[in-house]
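To start, the structure itself, in structure tokens.
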Amino acid sequence: MKVINVILTGGVGSRLWPLSRKNKPKQYLDLFEGKSLFQQTVLRNKDCCDELMVVGNVDNFELSQKALADLDITSYQEIIEATPRNTAAAIAFAAFNSDADDILLVTPSDHLIEDLDIYHQSVSQAVQMAKQGSVVTFGLKPTKPETGYGYMQIKNNKVLSFREKPNEETAKDFLKQGSFYWNSGMFCFKAGVFLEELKKYHLKIYDTVKVAFEKKNGAELPLQESMQIPSISVDYAVMEKTDKIKAVKASFIWSDMGSFESVYEYLISKNYPIDKNGNMVIGSDIHSEFLGLRKCILVVTEDAILVLKKEKAQDVKKIYENLQQKKSELV
């Protein structure tokens, strides 16, 4: 039995446009103390896992390979999806690629985690639960009424319910109740247990993933068979249905770095410069002045500029989607 860190590298990070693009998503940006979020994910799990498995796709696997080479890491397994099919399929591929008793610590590649001692304690707790046959998820104690995250209601270690991203009023109510936790998108379970639960609750994903996996060429999965796989998140396919679910209630500092508001707060915590009204420039050393503006962010790349009020950070996705509809090369 081994503990394998399965890193999921899909996602474009559309709320971090124009920094994050299809050809270099947010998890590969060296914004975070000289390392990318992907690299930080690899390093923090190195001490609590025996092996590393990276599940990527044809658009980003070379970025993962380069990031690992920069860390002098050469020993890892790789699965290259022909087309993104969401997290249920990505995790199923990792499970088929493992022994049934192997414990998979499934982590996204684009999260920022601090308080590593507390993090490693939480992982250790999850591994012990997984050894007993539980399907484990991590709930993070909320520090503010965040509307950009999904929530779980947890009592003791039992998940009572999953909730979609709430509006601000509902998020404040969740915070007040005290039993709601942010859904971190991190999981821990035996590979065989996960596949049993997937087969039980979403047979089509199980069957189509199995067919594609059996036809893989080295690390690469076939396109034609992959197109038959339903694109569904692991929450919908398994987590919200299984009766084997348990939760680790964790208190380490966590963010999915999903918006410029998160990046802004992180950079301020690292003494990144802002002006007297809280305005910030990212991506340019050109002297910039903000007149009559408070808590605004100026983002500069070689082919695009974004100016936003910090509290509008979630809406950057709309700009990205609009550009995508126009088939703009800016995405």
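Follow the hydrophobic side-chain contacts under 4.5 Å out from Phe138 and you never reach Tyr236; the two are in separate clusters. Cluster membership for Val299 and Ile268, using ILVMFWY side-chain heavy atoms within less than 4.5 angstrom, is shared. Linking Ile, Leu, Val, Met, Phe, Trp and Tyr whenever their side-chain heavy atoms come within less than 4.5 Å puts Leu31 and Leu16 in one cluster. Residues Tyr149 and Val234 are members of separate hydrophobic clusters, defined by side-chain heavy-atom contacts under 4.5 angstrom among Ile, Leu, Val, Met, Phe, Trp and Tyr. When hydrophobic clusters are built by joining Ile, Leu, Val, Met, Phe, Trp and Tyr residues whose side-chain heavy atoms come closer than 4.5 Å, directly or via intermediates, Met186 is not grouped with Ile91.
Side-chain contact check for Asn5 and Thr107: at least one donor-acceptor pair (N or O, by modelled atom type) lies under 3.5 Å. Using modelled atom types, one finds no donor on one side chain facing an acceptor on the other under 3.5 Å when comparing Gln121 with Asp117. Remark: the Asn167 side chain and the Thr170 side chain contain an N/O donor-acceptor pair separated by less than 3.5 Å.
With Leu298 as the partner, the side-chain contact (heavy atoms from CB on, under 4.5 Å) test is satisfied by one option alone out of Leu293, Leu306, Leu308, Ile305: Ile305. Partner of Lys2 under the salt bridge (Lys or Arg N to Asp or Glu O under 4.0 Å) criterion, chosen from Asp101, Asp102, Asp50: Asp102. Among the candidates Leu63, Thr74, Leu52, the single residue satisfying the side-chain contact (heavy atoms from CB on, under 4.5 Å) test with Leu68 is Leu52.
Lys215 places no side-chain N or O within donor-acceptor distance of the main-chain N or O of Glu225, the cut-off being under 3.5 Å. A donor-acceptor pair is defined here as one N or O able to donate and one able to accept, closer than 3.5 Å; no such pair exists between the side chain of Asn183 and the backbone of Met152. Using a distance-only test at 3.5 Å, with no hydrogens or angles considered, a donor-acceptor pair links the side chain of Gln39 to the main chain of Ala67. A donor-acceptor distance shorter than 3.5 angstrom exists from the side chain of Asp275 to the backbone of Asn279, with no hydrogens or angles considered. Distance alone, capped at 3.5 Å, places no donor-acceptor pair between the Ser328 side chain and the Leu323 backbone. Remark: the backbone N or O of Leu330 is paired with a side-chain donor or acceptor of Arg21 at under 3.5 angstrom.
A 4.5 Å side-chain heavy-atom check between Gln27 and Ser36 finds every atom pair outside the cut-off. The closest side-chain heavy-atom distance from Ile286 to Val300 is not below 4.5 Å. Between Lys26 and Leu29, the closest side-chain pair of non-hydrogen atoms falls below 4.5 Å. Residues Glu265 and Ser255 form no side-chain contact, since every pair of their non-hydrogen atoms from C-beta on lies 4.5 Å or further apart. Looking at Tyr181 and Lys141, their side chains come closer than 4.5 Å, going by heavy atoms from C-beta outward. Within the 4.5 Å cutoff, the side chain of Asn157 has heavy atoms near those of the Gln125 side chain. Here the side chains of Val209 and Phe93 are in contact, with some heavy-atom distance below 4.5 Å.
Few gaps surround NZ on Lys310; more than 12 heavy atoms of other groups in view lie less than 6.0 Å from it. Heavy atoms of other residues, nucleotides or ligands lying less than 6.0 angstrom from NZ of Lys241 number more than 12. The 12-atom threshold is exceeded at NZ of Lys270, counting heavy atoms of other residues, nucleotides or ligands nearer than 6.0 Å. For Asp303, the CG atom counts as densely surrounded, since its 6.0 Å shell holds more than 12 non-hydrogen atoms of other residues, nucleotides or ligands. Atom CD of Glu311 is surrounded by more than 12 heavy atoms from other residues, nucleotides or ligands within 6.0 Å.
Distance check, rounded to the nearest 0.5 Å: CZ of Phe260 to CG of Leu19 gives 4.0 Å. For the atom pair CG (Leu267) and CD1 (Ile274), the distance works out to 10.5 Å, reported to the nearest 0.5 Å.
With sequence neighbours excluded, the residues satisfying side chain to side chain contact (heavy atoms under 4.5 Å, CB included) with Ser134 are Met129, Val136, Lys246. Applying the ring-ring contact (aromatic ring centres under 6.0 Å, His included) test to Tyr28 and every residue at least two apart in sequence or in another chain returns Phe38.
The two atoms that bring Thr9 and Asn60 nearest to each other are O-ND2, 2.7 Å, heavy atoms only.
Ionic pairing of Glu168 and Lys172 is present here: one or more N-O contacts between side-chain nitrogen and carboxylate oxygen are shorter than 4.0 angstrom. Glu214 and Lys210 are joined by a salt bridge, as a carboxylate oxygen and a charged side-chain nitrogen come within less than 4.0 angstrom of each other.
Between Phe180 and Phe174, the ring planes are parallel. Angles under 30° get that label, and only those over 60° would be called perpendicular.
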